[in-house]
Amino acid sequence: RVRVPLGPLRTDCLTLLHAPNVSSPKMSLEWLVAWNWSLDGLRDCIATGIQSVRDCDTTAVVSVACLLVLFVWYCYHVGREPPRPYATVNSLMQGTDAAGLQNGYAYCQSPECVRCAHNEGLNQKLYYNLQEYAKRYSWSGMGRIHKGIREQGRYLSSRPSIQKPEVFFLPDLPTTPYFPRDAQKHDVELLERNFQTILCEFETLYKAFSNCSLPQGWKMNSTPSGEWVTFYLVNQGVCVPRNCRKCPRTYRLLGSLRTCIGNNVFGNACISVLSPGTVITEHYGPTNIRIRCHLGLKTPSGCELVVGGEPQCWAEGRCLLFDDSFLHTAFHEGSAEDGPRVVFMVDLWHPNVAAAERQALDFIFAPGR
C-alpha cells in the first residue's frame, strides 16, 4: 500500500502563502517542487491500483462475469411475457369492454382452452404448462400437481359419483361437501362486514328488470324449471369491465380478499339470482382446488342448497362454504310473494392448497393459455 505524504506539503504551502517576507521567485520554486512531489505520489498510487487488478485471481473474475451474464439472461427470459395487470376501478371506468364478451358473459373463444376442453390432449397440454412453469421457476413443491396431471385420467374416471370434478383433480386434498367458516376466516368475515354494501349495489342493479326481461350484463342459465340469472364481475378468471363499473365497491372488495381466485380459469365472482319455482340440475364443478363461497343477500324460506346429498339453507349476511366438485343442486320452492333467492358467489382457494401450488396453478390454468 502506498501512502502519499500530502500532510507536510499542505503545511509548507500554507506557510508559503502566509509568509510576508518571502520573495515571489522563491515562492514559485517551492510551489513547483511541491506540485512535482504530489504528481509522483499520485502516479505511484495509480500504478499500485493497476498492479492490484493484475494480481487478482483470474478464475474469480471469470466466475463473477459468468454470474452477471446468467443473471441478465434470466431477467430477459422471465420478462419475455409481460404480466397481466390487475385492472383498477378507475381504469375500468375509462376502458373499453374486453373482446369476447356477450351480454356481460365471457364465452370461450379458443378451442385450446383447458377449462372447456374435454379431449385426450388435455393432460398433455397441462403437463406442457407445468414444464414451462418449472423451467421458469422451480419444481419445488410441484409433486402433488405433477402426480395429479400424470394420473388425471384415472382420477376422473375412478372417482366416486358423489365427487367428480370435470377438468382437474388435485390428489390428497381433504374431502368434505361443506367447509367451516374458519376455513377462510379472514375473507368470510370481510364479506359479511360488507353485506349491506353488496346488497345495495344488487338492489340498484335489479331495478333494471322492471324495464326488460334480461338487462345488459345478466346471463340466463339453463334450468329445468324457473329462471336462474347471474351477473358476473369475474368470469373464469377474466374481469367483466362493464359489470364491474356498475358495482365498483363490490369489485374493490374482491381485491381485499386474501384467497380469492382471480388469476386462473377456475375463479369466478358473481351475483346469482333464483326465481321462485326454480330448480338447478345436479352438476359437478370443474375442480377441487377451490371452495365456493355464497354470501346470502336475500334468502326467503323454501330455498336449499344440496351438496353431496347434504342439504343446507342460506342465511342473509352469512357465508356458506362448500366444495362444488361434489354433485350439487339448488332450488327455490317459495312463492312469488317471497321474491328471489340472491347470493353473492366468489371462488376461494381450498385451504390445503399450498402457496407454491397456487402460483403454479395460476400459471397452468391462466385464461387463454
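Because only heavy atoms are used, hydrogens play no part in the values below, and waters and symmetry mates are left out as well, while side chains stay in.
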**Q** Would you name the heavy atoms of Gly296 and Val343 that are closest together and state the gap between them?
**A**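 Closest approach of Gly296 to Val343: CA-CG1, 4.2 Å.
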
**Q** Applying a strict under-4.5 Å side-chain criterion to I, L, V, M, F, W and Y, I'd like to know whether Tyr128 and Phe365 cluster together.
**A**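 The answer is no; the residues belong to distinct hydrophobic clusters.
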
**Q** Please confirm whether the backbone N or O of Val273 pairs with a side-chain atom of His332, one donor and one acceptor, at under 3.5 Å?
**A**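 The answer is no, because no donor-acceptor pair under 3.5 Å joins these two groups.
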
**Q** Are Phe266 and Leu130 connected into the same hydrophobic cluster when the rule is that any two of I, L, V, M, F, W, Y join if their side-chain heavy atoms are below 4.5 Å apart?
**A**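 Result: yes, single cluster for both.
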
**Q** Please report the closest heavy-atom contact between Asn352 and Pro174, naming both atoms and the distance.
**A**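 Where Asn352 meets Pro174 most closely, the heavy atoms are OD1-CG, 3.4 Å.
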
**Q** Give a yes or no on whether the backbone of Tyr178 and the side-chain of Glu310 come within a donor-acceptor separation of less than 3.5 Å.
**A**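 Judged by distance alone, no pair lies under 3.5 Å.
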
**Q** Taking the side chain as every heavy atom from C-beta outward, state whether His350 and Leu170 have any atom pair closer than 4.5 Å.
**A**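 Not touching, per the 4.5 Å side-chain cut-off.
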
**Q** Report yes if the side chains of Glu333 and Glu304 come closer than 4.5 Å at any heavy-atom pair, otherwise no.
**A**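 Contact flag for Glu333/Glu304 side chains = no.
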
**Q** Are Arg290 and Asp347 within salt-bridge range, i.e. N to O under 4.0 Å?
**A**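 Looking at Arg290 and Asp347, the cut-off is met.
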
**Q** Please state whether the rings of Phe363 and Tyr137 are parallel, tilted or perpendicular, taking 30° and 60° as the class boundaries.
**A**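 Perpendicular, since the angle between the ring planes exceeds 60°.
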
**Q** Between the main-chain N or O of Ala366 and the side-chain N or O of Asn264, is there a donor-acceptor pair closer than 3.5 Å?
**A**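 Absent.
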
**Q** Apply the side chain to side chain contact (heavy atoms under 4.5 Å, CB included) test between Phe231 and each candidate in Cys270, Cys247, Ser272; give the one that qualifies.
**A**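 Considering Cys270, Cys247, Ser272, a side chain to side chain contact (heavy atoms under 4.5 Å, CB included) with Phe231 is found only for Cys247.
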
**Q** Between the main-chain N or O of Phe169 and the side-chain N or O of Gln152, is there a donor-acceptor pair closer than 3.5 Å?
**A**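 Side chain of Gln152 to backbone of Phe169: a pair is present.
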
**Q** Quick check: do Arg144 and Leu173 have side-chain heavy atoms less than 4.5 Å from each other?
**A**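 In contact.
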
**Q** List the steps and the verdict of side-chain hydrogen bond (donor to acceptor under 3.5 Å, both in side chains) for Asn221 and Thr230.
**A** CA-CA 8 Å; Asn221 301 280; Thr230 46; 3.2 Å; yes

**Q** Which atom names give the shortest non-hydrogen contact between Pro276 and Gly334, and what distance separates them?
**A**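 Looking at all heavy atoms of both residues, the closest pair is CB-O, 3.4 Å.
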
**Q** Return yes if some donor-acceptor pair links the side-chain N/O of Gln184 with the main-chain N/O of Trp349 below 3.5 Å, else return no.
**A**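 Present.
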
**Q** How close do Ser138 and Tyr133 get, heavy atom to heavy atom, and via which atoms?
**A**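 For Ser138 versus Tyr133, the nearest heavy atoms are O-CE2, 3.8 Å.
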
**Q** Has Asp362 got a side-chain atom pairing as donor or acceptor with Gln359's backbone, closer than 3.5 angstrom?
**A**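 No, Asp362 side chain to Gln359 backbone: no donor-acceptor pair under 3.5 Å.
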
**Q** With the 4.5 Å side-chain cut-off for hydrophobic clustering, are Leu305 and Phe326 part of the same group?
**A**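 Yes.
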
**Q** For Gln163, is there any backbone N or O sitting under 3.5 Å from a side-chain donor or acceptor partner on Ser325?
**A**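 Not confirmed, Ser325 side chain does not pair with Gln163 backbone.
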
**Q** Report yes or no: does Ser225 contribute a side-chain atom to a donor-acceptor pair with the main-chain N or O of Gly277 at less than 3.5 Å?
**A**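 Side chain of Ser225 to backbone of Gly277: a pair is present.
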
**Q** With the side chain counted from C-beta on, respond yes when Cys319 and Phe179 share a heavy-atom pair under 4.5 Å apart, and no when they do not.
**A**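 The answer is no, as the side chains (C-beta and beyond) never meet within the 4.5 Å cut-off.
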
**Q** Side-chain contact, heavy-atom cut-off 4.5 Å: Val307 with Asp323?
**A**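 Side-chain contact under 4.5 Å: no.
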
**Q** If only atom types and distance count, is the side chain of Asp187 paired as donor or acceptor with the main-chain N or O of Leu257 below 3.5 Å?
**A**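 The answer is no, because no donor-acceptor pair under 3.5 Å joins these two groups.
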
**Q** Take the angle between the ring planes of Trp218 and Phe209 and call it parallel below 30°, perpendicular above 60°, tilted in between.
**A**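 Trp218 and Phe209: perpendicular rings.
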
**Q** Applying a strict under-4.5 Å side-chain criterion to I, L, V, M, F, W and Y, I'd like to know whether Leu274 and Val342 cluster together.
**A**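 Unlinked, Leu274 and Val342 end up in two clusters.
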
**Q** For the residue pair Thr259 and Pro351, establish whether any side-chain heavy-atom pair is separated by less than 4.5 Å.
**A**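 No, their side chains stay 4.5 Å or more apart.
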
**Q** For a quick test of reading the model, state the closest non-hydrogen atom pair linking Val234 to Gly267 and the distance between them.
**A**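 Of all heavy-atom pairs spanning Val234 and Gly267, the closest is CG1-O, 3.9 Å.
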
**Q** Minimum heavy-atom separation for Val238 and Pro367, please, with both atom names.
**A**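 Distance-wise, the nearest heavy atoms are CG2-CB, 3.8 Å.
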
**Q** Taking the side chain as every heavy atom from C-beta outward, state whether Gln312 and Phe322 have any atom pair closer than 4.5 Å.
**A**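 Of all side-chain heavy-atom pairs linking Phe322 with Gln312, none is under 4.5 Å.
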
**Q** Quick one: sort the Trp228 and His283 rings into parallel, tilted or perpendicular, breaks at 30° and 60°.
**A**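 Tilted: the ring planes of Trp228 and His283 meet at 30° to 60°.
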
